[in-house]
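Note sheet for the following structure.
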Amino acid sequence: MVITSVLARGQTVARSGLSTAVEKPLETVLAVVGLLIAGDFVVALLVTGGLGFAEVGQLAKNGLMRGLVIGLAGVGLSMTYSILNFANFSHGDYITFGAFAGWGVTYLVAGFGEADWTNLLLVGAGGGVYGAQLGISITGTPLAVVVGLVLAGATTAGLALLVDRGIYKSMRDAGGIPLLITSVGVAFALRYVIALSYNQSVRGTTSTDIPTYQLPAIDGTIGVNAHDLVVLASAVALMLGVHFLLQRTKLGKAMRAMADNEDLALVTGIPTERVVTWTWVVGGALTGVSGFLLVLWRETINFRIGWVLLLLVFSAVILGGIGSIYGAIFGGVIIGLTLELSQIWIPTDFARASAFALMIVILLVRPKGLFAGRSTA
Amino acid sequence: MSLLEIDDLDAGYGDLQILDGVDMAVDDEEYVAIVGPNGAGKSTVMRTVFGIATHMGGTITFDGEKISTLAPERVIRKGIGYVPQDDNVFSSLSVRENLEMGAYILDDVPEAALREVYDRFPILEEREGQKGGTLSGGQQQMLAMGRALMLDPDLILLDEPSAGLAPDLVEEMFEKVDQINDDGTAILMVEQNAKEALRRCDRGYVLVQGQNRYDGPGESLLDDEQIRRDFLGG
């Protein structure tokens with residue numbers, strides 16, 4: 001198969017451009033559209049000046065931030081997908097759970113003594129506690145943010161494990177589809193338990209005064225605030241951590257072995273149940289942290305943030321090649337950048353549509369995703 | 001008492017019974033082959049010993065201990081290695097990582113055992129950093145055997161080691177198995193290539209429809225007119 005595909009590629013290159021266009025109409029149309037967009041972009045930026053470097057830079061920065069959060073959540077989803085063989089639709093609500101659990105702790109640490117502790121822990125669900133008043137930011141209340149971030153990971157790992165033990169484990173032999181449907185049920189249950197506990201309002205979480213640095217761009221500046229840097233540093237550190245785990249540690253190698261071939265892992269003497277446990281712990285922790293970072297970056301929280309993000313996370317994972325963690329990161333950044341940069345051409349309301357359109361286009365050309373065949377490793 | 005004793009074993013998968021009162025034994029350092037037609041349950045014997053088929057009755061004893069229903073991880077700890085037939089390497093793990101997985105139950109990678117595996121299969125050392133899935137069929141088979149040897153087991157179960165190999169590799173593979181046996185590891189092997197297997201083994205079992213049909217020294221099974229005609233193709 002590899003040989004024939006290499007041969008086929010060689011032949012295609014050898015033929016003239018015209019016959020390529022006839023044989024591969026889809027690719028040709030996509031290439032033309034891509035060139036038009038790129039051309040329009042370059043002309044607007046350099047010739048007519050309709051587009052500023054600072055403007056593009058700002059969108060790209062926002063896209064990168066959003067992409068890193070999506071990618072981080074995607075790594076968690078991809079790990080559980082490749083090792084446990086099922087698409088976990090409750091993943092989005094794990095993101096929300098991580099956000100609320102973590103921010104509850106952040107509120108508690110930042111506002112201890114200033115308000116009722118239960119109210120703080122419920123992220124101000126009972127009223128009378130406002131994020132802006134607590135002045136939460138990485139520079140103002142560093143301890144509160146860091147402790148919240150860590151506990152967002154820890155509690156979500158616990159939740160993921162609890163749901164697995166209580167619900168998924170007994171169904172694991174039933175196959176991917178029953179598990180998927182169950183996970184949709186878990187998603188709804190979890191979402192409305194969160195809505196009942198933390199209420200349904202959208203509320204601001206951070207201080208209005210976050211230190212911002214102006215990065216010079218040719219025709220202006222790009223604003224980067226301290227929380228952007230926290231998202232960047234945490235996401236990159238965690239992704240490197242996962243890379244180290246999978247490539248260098250015995251547990252990580254066993255995770256890759258299980259993703260490859262679960263039956264073989266079993267007869268090789270790998271304690272598969274323990275590996276599953278750790279997969280939920282690691283995947284859950286990454287997911288919880290991504291929820292915390294999402295709120296840190298958006299500066300608001302509500303009970304639907306994870307659910308709304310889930311489709312984008314799925315797109316990122318599918319785009320990158322399902323099962324590949326590097327694909328998930330890469331796919332996340334592509335989705336994030338598309339969401340933001342598409343606003344140059346189309347209204348913001350359609351940004352999500354453009355991200356999904358891009359996913360469809362990439363899958364038409366590379367049906368197994370960009371990093372296909374590099375499962376987990 | 002034999003190293004491995006299988007006594008009146010009934011086994012299968014779920015509700016489907018495949019083995020019906022199978023008796024078998026492997027002595028210390030002995031080389032035993034199981035042959036028979038397709039669907040006779042040859043592989044099921046191994047899978048039951050290894051705890052991945054459904055045990056329905058009878059006993060399996062290893063080194064004097066009952067292991068009838070132990071999980072694979074526990075069976076490995078007793079000193080049995082298993083090389084399944086297809087898909088027997090982790091394709092996205094490197095050759096070295098594949099071997100490391102073979103010693104998962106130990107705290108550290110046993111360097112001495114790794115050295116021995118590399119000496120036995122020099123090609124694996126050459127390809128140490130290459131992904132398992134990029135190896136040829138013969139090399140994958142060697143990698144799978146090497147992985148099972150990482151814990152220096154007393155008995156290795158080999159499920160059709162020659163399946164899908166080119167003719168010249170088949171010969172090499174059987175020689176490797178002979179060497180492993182000469183170095184003191186007992187072998188229980190299922191083989192489609194019955195003539196070659198019976199020629200090389202100490203004893204053989206002919207399994208038909210989940211039951212013992214014949215057993216005895218390999219050469220004598222090979223010489224038996226009836227067996228030749230019914231199971232070895234003339």
Side-chain angles (χ1 to χ4, degrees), chain A residues 1-3 5-6 78-79 81-83 85 172-175 242-278 320-328 368-369 371-377, chain B residues 14 43 46-53 70-109 129 131-134 140 143-151 153 156-159:
Chain A
M1 258 215 15
V2 176
I3 297 168
S5 78
V6 169
S78 196
M79 280 180 78
Y81 178 87
S82 62
I83 293 164
N85 283 318
R172 226 180 273 149
D173 292 334
V242 174
H243 172 78
F244 178 83
L245 171 79
L246 290 174
Q247 298 299 329
R248 294 272 179 273
T249 70
K250 194 171 156 184
L251 173 69
K253 290 173 187 178
M255 286 176 173
R256 286 161 53 210
M258 257 189 89
D260 253 13
N261 188 336
E262 193 178 336
D263 294 338
L264 186 60
L266 191 67
V267 300
T268 304
I270 294 172
T272 49
E273 199 50 48
R274 208 178 315 153
V275 176
V276 167
T277 300
W278 280 106
I322 203 153
S324 159
I325 65 145
Y326 306 109
K368 287 185 171 173
F371 282 65
R374 296 185 201 180
S375 64
T376 327
Chain B
S43 300
M46 295 192 164
R47 297 172 65 86
T48 313
V49 171
F50 229 74
I52 49 174
L70 289 189
E73 189 197 337
R74 306 278 304 280
V75 177
I76 287 174
R77 285 177 189 276
K78 300 282 179 202
I80 307 181
Y82 172 45
V83 183
Q85 186 183 345
D86 308 306
D87 272 342
N88 54 17
V89 304
F90 297 112
S91 51
S92 72
L93 267 61
S94 72
V95 167
R96 193 194 153 96
E97 287 169 340
N98 262 280
L99 295 173
E100 288 174 6
M101 287 299 108
Y104 193 92
I105 61 169
L106 303 180
D107 289 334
D108 298 302
V109 178
K131 294 239 189 295
T134 65
Q140 290 195 2
L143 178 55
M145 282 192 196
R147 196 182 51 230
L149 286 169
M150 285 295 285
L151 293 172
I156 285 198
L157 311 179
L158 296 174
D159 197 346

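Residue numbering restarts at 1 for every chain, and letters A, B, ... go by the order of the sequence lines. These figures come from a predicted structure and were not determined experimentally. Only heavy atoms go into these numbers, but all of them, side chains included; no hydrogens, no water, no symmetry mates.
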Q) Are B:E97 and B:F90 side-chain neighbours, meaning at least one heavy-atom pair lies under 4.5 Å? A)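 The answer is no, as the side chains (C-beta and beyond) never meet within the 4.5 Å cut-off.
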
Q: State, with a plain yes or no, whether a side-chain heavy atom of B:R77 is found less than 4.5 Å away from one of B:L70.
A: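 A side-chain contact under 4.5 Å is absent here.
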
Heavy-atom distance under 4.5 Å to chain A: side chain of [X], backbone, both or neither?
{"X": "B:V89", "answer": "backbone"}
{"X": "B:I52", "answer": "side chain"}
{"X": "B:L106", "answer": "backbone"}

Q. Highest number of heavy-atom pairs under 4.5 Å with chain A: which of B:M150, B:E100, B:E73, B:R47?
A. B:E73

(Q) Just to verify, what does A:R172 make a side chain to side chain contact (heavy atoms under 4.5 Å, CB included) with, not counting sequence neighbours? (A)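 So A:R172 forms a side chain to side chain contact (heavy atoms under 4.5 Å, CB included) with A:L84, A:D164, A:R165, A:K169, A:L179, A:E273, A:V276.
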
Q | Partner set under ring-ring contact (aromatic ring centres under 6.0 Å, His included) for B:Y82, not counting sequence neighbours | A |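 ring-ring contact (aromatic ring centres under 6.0 Å, His included) check on B:Y82 returns B:F50.
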
